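Keep in mind it's a predicted model, so treat the numbers as computed, not measured. The analysis underlying the following values was restricted to heavy atoms, covering all of them including side chains, and did not include hydrogens, waters or symmetry mates. The chain is numbered in sequence order, starting from 1.
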Amino acid sequence: MLEVSQKAPHFSLQDSDGKTVALSDFKGKKTIIYFYPKDNTPGCTRQACAFRDAYDGFKNIDAAVIGISKDSVASHKKFAESHNLPFTLLADPELDAIKAYDVWQEKKRFGKTYFGVVRATYVLDEEGTIIKV
């Protein structure tokens with residue numbers, strides 16, 4: 001995982017509409033980036049809906065919310081529409097941002113070991129420096 005006071009790694013990924021979005025697009029705003037394993041799973045849906053429910057508070061302090069997983073653009077579109085998610089979801093099927101933010105890690109479930117995305121949230125200041133993990 002990355003540390004507080006580190007500069008957040010740059011990324012450029014597609015959103016749920018297929019538009020390319022870069023971290024630099026959010027310069028001048030506080031930014032919350034959260035990584036999650038998979039669209040439409042119980043835990044990830046609860047997490048996304050919690051960000052949705054708190055979204056007005058984030059807007060009031062001029063903070064952007066970005067969710068990133070390895071799911072496809074089409075999957076993100078369905079996920080965002082079915083749960084009325086008002087924030088940006090970015091597709092990272094090549095694991096570029098996921099690996100840069102060190103959230104691709106070994107996991108264990110039901111006695112099996114595999115690699116996957118671990119949940120992580122990073123809060124960035126207006127200059128893109130991590131201020132909270």
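- Within a 6.0 Å sphere centred on NZ of Lys107, heavy atoms belonging to other residues, nucleotides or ligands number more than 12.
- Taking both residues in full, the closest heavy atoms of Gln14 and Gly18 are given as NE2-O, 3.2 Å, listed atom of the first, atom of the second, then distance.
- Atom CG of residue Asp125 and atom NZ of residue Lys29 lie 14.5 Å apart, to the nearest 0.5 angstrom.
- Both Phe26 and Tyr101 are part of a single hydrophobic cluster, where members link through side-chain heavy atoms under 4.5 Å apart.
- Minimum interatomic distance between His10 and Ala22 (heavy atoms only, all atoms of both residues): CE1-CB, 3.7 Å.
- The NZ atom of Lys99 sits 7.5 Å away from the CH2 atom of Trp104 when rounded to the nearest 0.5 Å.
- With Asp17 contributing its side chain and Lys19 its backbone, the two residues share no donor-acceptor pair below 3.5 Å.
- For the pair Ser69 and Pro37, the minimum side-chain heavy-atom distance is 4.5 Å or more.
- Between the side chain of Gln6 and the main chain of Glu3, a donor-acceptor pair closer than 3.5 Å is present.
- Val73 and Ala91 make their closest contact through N-CB, 3.7 Å (heavy atoms, listed as atom of the first residue, atom of the second, distance).
- A donor-acceptor pair under 3.5 Å links the side-chain atoms of Thr45 to the main chain of Thr41, judged by distance alone.
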If you apply the rule side chain to side chain contact (heavy atoms under 4.5 Å, CB included), what do you find for Lys70 with Lys38, and how did you get there? CA-CA 7 Å; Lys70 65 184 188 70; Lys38 188 154 182 57; over 6 Å; no
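- Contact of the Leu85 side chain with the Phe79 side chain is registered, since non-hydrogen atoms from C-beta on lie closer than 4.5 Å.
- The 12-atom threshold is not exceeded at CD of Glu94, counting heavy atoms of other residues, nucleotides or ligands nearer than 6.0 Å.
- A distance of 13.5 Å separates NZ in Lys78 from OG in Ser16, rounded to the nearest 0.5 Å.
- Side-chain heavy atoms closer than 4.5 Å link hydrophobic residues (I, L, V, M, F, W, Y) into clusters, and following such links, even through other members, never connects Leu23 to Phe58.
- A salt bridge between Glu126 and Lys27 is absent, with no side-chain N of the basic residue lying under 4.0 Å from a carboxylate O of the acidic one.
- Just one residue in the list Val103, Ile68, Asp71 forms a side chain to side chain contact (heavy atoms under 4.5 Å, CB included) with Val117, and that residue is Val103.
- You'll find the side chain of Arg109 stays beyond 4.5 Å of the side chain of Lys112, heavy atoms only.
- Atom NZ of Lys59 sits in a sparse spot, with 12 or fewer heavy atoms from other residues, nucleotides or ligands closer than 6.0 Å.
- Between the side chain of Asp92 and the main chain of Ala97, a donor-acceptor pair closer than 3.5 Å is present.
- Hydrophobic cluster membership is shared by Phe11 and Ile130, with clusters built from Ile, Leu, Val, Met, Phe, Trp and Tyr side chains linked at under 4.5 angstrom.
- Partner of Ile33 under the side chain to side chain contact (heavy atoms under 4.5 Å, CB included) criterion, chosen from Val65, Thr121, Leu124, Thr88: Leu124.
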Mind running side chain to side chain contact (heavy atoms under 4.5 Å, CB included) on Lys77 and Ser72 for me, showing each step along the way? CA-CA 9 Å; Lys77 186 161 190 72; Ser72 68; over 6 Å; no
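- Note: the hydrophobic cluster containing Ile66 does not contain Tyr36 (ILVMFWY, side chain heavy atoms under 4.5 Å, direct or indirect links).
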Walk me through whether Val21 and Leu90 qualify under side chain to side chain contact (heavy atoms under 4.5 Å, CB included). CA-CA 8 Å; Val21 175; Leu90 298 178; 3.8 Å; yes
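- Checking side-chain atoms of His83 against main-chain N and O of Cys49 turns up no donor-acceptor pair under 3.5 Å.
- Side-chain atoms of Asp15 and His76 include no donor-acceptor pair closer than 3.5 Å.
- Cluster annotation: Leu2 and Tyr34 are assigned to distinct hydrophobic clusters (Ile/Leu/Val/Met/Phe/Trp/Tyr, side-chain heavy-atom contacts under 4.5 Å, transitive).
- Using the six-membered ring where Trp is involved, Phe87 and Tyr55 have ring planes that are tilted, between 30° and 60° apart.
- The distance from atom CG of Asp62 to atom NZ of Lys30, rounded to the nearest 0.5 Å, is 9.5 Å.
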